[in-house]
Every structure is written in structure tokens, then in C-alpha cells.
Amino acid sequence: MAQTMTDKVLSLFKECNALLQGHFMLTSGKHSEWYFEKIRLIEKPAALEKIIDLLVKKIQSAKKDFDYVVSPAYGAIAIGFLTALKLGKKFAFSQRLDEKMAFRAGFAGIDKSRAIIVEDILTTGGSINEVVECLKQREAQIAGIYVLVDRTAGAVHIEGKPVSSLLALKIEAFEPDACPFCKKNVPLTKPGASDKKA
Ligand SMILES: [Zn+2]
């Protein structure tokens with residue numbers, strides 16, 4: 001049986017351990033069956049490249065006209081950069097400068113350009129909205145918004161439109177006392193705990 005796009009992307013994410021299935025405690029304190037470890041994506045460039053190849057095909061099939069791929073720092077830089085390289089486009093990243101998302105002065109070419117935004121994971125759309133604002137301030141046109149994973153499965157719209165994703169996965173988070181995995185006594189893991197400051 002032919003693998004669907006979703007299966008293909010899921011297996012690539014699992015291959016690089018960026019998507020873990022089990023029983024996890026999220027930073028919110030809620031429990032979930034799925035956990036994304038974004039850092040695993042950029043840790044294994046060869047695995048990331050296979051995912052980016054799928055994203056590039058998706059972008060190419062939309063036949064959009066643009067000059068730049070833009071991503072927010074830091075996690076999505078590698079993703080956007082590799083996408084731009086494969087598409088033969090320019091790349092720029094936005095970052096927080098004095099708390100506010102902005103482009104460094106060196107990215108002057110972004111002014112009045114046409115750009116697509118590439119981000120790793122869509123959760124609330126907060127950082128993508130900030131990139132949209134940055135591009136508008138530079139009078140750039142936004143030709144498309146792409147994410148590897150849409151954790152809201154299309155629920156979050158940006159600029160009134162759903163975001164294009166390789167993988168749309170509705171991640172349910174449960175209060176501990178309503179968690180089906182707790183009820184089944186599945187061992188609970190707290191990923192990334194060693195990263196957090198006490
Ligand atoms: Zn639980």
C-alpha cells in the first residue's frame with residue numbers, strides 16, 4: 001500500500017526522534033500522547049533534509065512567485081535556510097532585538113520583496129504573526145506561510161488563512177486527573193526537564 005504523505009512525514013519525524021509517542025508531561029503541566037523535540041530536527045541534518053525535500057515539493061507545487069524564504073530565529077533558521085537553498089532563493093531570519101522581532105540592518109534586501117515564511121511548529125501562531133508584522137513594516141509581500149507541523153490541525157489561522165503544513169496533527173493535552181494514559185498506568189515522562197532552570 002502506498003504511504004500517505006502524513007505517514008511519510010510521521011515516519012521521518014520518528015526516524016530522527018523529533019516526534020515521540022508515549023505519555024508526556026508538557027511544560028503547562030498537562031499530559032499528552034505526543035511530544036515534539038524540535039532540537040532533534042536540526043541535530044540530524046541528513047534526516048532533516050528528507051523532511052525539507054517534502055516541504056520544497058509542496059512549496060514548488062503552489063507555483064508562487066517570491067524572492068526570499070524568511071524564518072524566525074533560532075530554531076527555524078536551519079529549516080528556512082535549507083529550504084531556500086533547495087529552492088534557489090535568498091534567505092533571511094528575524095530575531096528579537098530589544099524584545100521586539102525584527103530583521104538586522106544587513107537584511108536590507110527584504111524591503112519591498114516577496115517572501116514566504118517557513119517555521120518549524122505551529123502552536124499558537126505567535127512568532128509567525130510577529131514575522132508577518134516585520135515583513136509588513138518592510139513593505140514586503142507575503143506569498144505564503146509554511147510550517148513542518150501544525151499542532152492545531154488547521155485551527156489557527158494567520159492573516160485570515162490556514163497555514164500550509166506537512167503534518168497537521170491535533171495534539172490533545174489532558175489535565176492529569178482526566179488523562180487516559182494515567183488511567184492505563186502508562187509511565188509518565190517529563191521531557192527536556194534537564195533544560196529547565198529550577
Ligand atoms: Zn497522564
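Atoms considered below: every heavy atom in the structure, side chains included; atoms not considered: hydrogens, waters and symmetry mates.
- In this structure, K86 places its NZ atom where more than 12 heavy-atom neighbours from other residues, nucleotides or ligands lie under 6.0 Å away.
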Checking side chain to side chain contact (heavy atoms under 4.5 Å, CB included) for the pair T6/L167: CA distance, chi angles, key distance, verdict?
-> CA-CA 6 Å; T6 302; L167 184 64; 3.6 Å; yes
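- Looking at heavy atoms from C-beta onward, L26 lies in side-chain contact with Y35 at the 4.5 angstrom threshold.
- Annotation for V131 and P72: closest pair CG2-CB, 3.8 Å, computed over non-hydrogen atoms.
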How far apart are the C-alpha atoms of F93 and F107, what are their side-chain angles, what is the distance that settles it, and do they pass the side chain to side chain contact (heavy atoms under 4.5 Å, CB included) test?
-> CA-CA 8 Å; F93 63 88; F107 286 126; 3.9 Å; yes
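- For E172, the CD atom is loosely surrounded, since the number of other residues' heavy atoms within 6.0 Å does not exceed 12.
- In this structure, the side chains of E33 and F174 stay at 4.5 Å or more apart for every pair of heavy atoms.
- Annotation: side chain of F91 is in contact with side chain of I77 (closest heavy-atom distance under 4.5 Å).
- Here the CG-NZ distance, from L87 to K57, works out to 12.5 Å after rounding to the nearest 0.5 Å.
- The hydrophobic cluster containing L54 also contains L48, counting ILVMFWY residues as joined when their side-chain heavy atoms lie under 4.5 angstrom apart, directly or transitively.
- Between the side chain of K58 and the main chain of L166, no donor-acceptor pair closer than 3.5 Å is present.
- Looking only at side-chain heavy atoms (C-beta outward), I79 and I52 come within less than 4.5 Å of each other.
- Residue I39 qualifies as open at atom CD1: its count of foreign heavy atoms under 6.0 Å is 12 or below.
- When every heavy atom of A108 is checked against every heavy atom of R138, the shortest pair comes out as CA-NH2, 3.7 Å.
- Cluster membership check: L122 shares its hydrophobic cluster with M5, using side-chain heavy-atom separations under 4.5 Å among Ile, Leu, Val, Met, Phe, Trp and Tyr.
- Remark: the backbone N or O of H23 is paired with a side-chain donor or acceptor of T189 at under 3.5 angstrom.
- In terms of heavy atoms, I42 sits closest to P45 at O-CD, 4.0 Å.
- The structure places CG of D150 at 9.0 Å from CG of L169, a figure rounded to the nearest 0.5 Å.
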Audit row: W34, Q21, side chain to side chain contact (heavy atoms under 4.5 Å, CB included) steps and yes/no | CA-CA 5 Å; W34 298 95; Q21 192 173 10; 3.5 Å; yes
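- Ring-centre distance between F24 and F181: not below the 6.0 Å cut-off.
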Go through the steps to decide whether I117 and L135 satisfy the test side chain to side chain contact (heavy atoms under 4.5 Å, CB included), and finish with yes or no.
-> CA-CA 10 Å; I117 299 171; L135 287 168; 3.8 Å; yes
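- Looking at every heavy atom in both residues, V156 comes nearest to T123 through CG2-O, 4.1 Å.
- With hydrogens and angles ignored, the 3.5 Å screen pairs a side-chain donor or acceptor of R114 with a backbone N or O of D65.
- The closest side-chain heavy-atom distance from F81 to V69 is not below 4.5 Å.
- Between the CG atom of L148 and the OG atom of S164 there is a distance of 12.0 Å, given to the nearest 0.5 Å.
- Scanning all heavy atoms of the two residues, the minimum distance from R40 to N17 falls at CG-O, 3.2 Å.
- Closest non-hydrogen pair, F103 versus A92, comes out as CE2-CB, 4.3 Å.
- Side-chain atoms of E119 and S127 include a donor-acceptor pair closer than 3.5 Å.
- For K14, the NZ atom counts as densely surrounded, since its 6.0 Å shell holds more than 12 non-hydrogen atoms of other residues, nucleotides or ligands.
- With hydrogens and angles ignored, the 3.5 Å screen pairs a side-chain donor or acceptor of S71 with a backbone N or O of V118.
- In the hydrophobic cluster analysis, where Ile, Leu, Val, Met, Phe, Trp and Tyr join through side-chain heavy atoms closer than 4.5 angstrom, V56 is grouped together with V9.
- Atom-to-atom distance recorded for Q95:CD and Y74:OH is 5.0 Å, nearest 0.5 angstrom.
- One finds no salt bridge joining E15 and K44 here, because no Lys/Arg side-chain nitrogen approaches an Asp/Glu carboxylate oxygen to under 4.0 Å.
- Criterion: ILVMFWY side-chain heavy atoms under 4.5 Å apart, direct or through other members. Under it, L97 and M101 are not part of a common hydrophobic cluster.
- In this structure, K100 places its NZ atom where only 12 or fewer heavy-atom neighbours from other residues, nucleotides or ligands lie under 6.0 Å away.
- Annotation: the span from L188 atom CG to M25 atom CE amounts to 6.5 Å, rounded to 0.5 Å.
- V186 and L20 sit in two unconnected hydrophobic clusters of ILVMFWY residues. Membership requires side-chain heavy atoms under 4.5 Å apart, directly or through other members.
- Rounding to the nearest 0.5 Å places CD1 of I51 at 5.0 Å from CG of L12.
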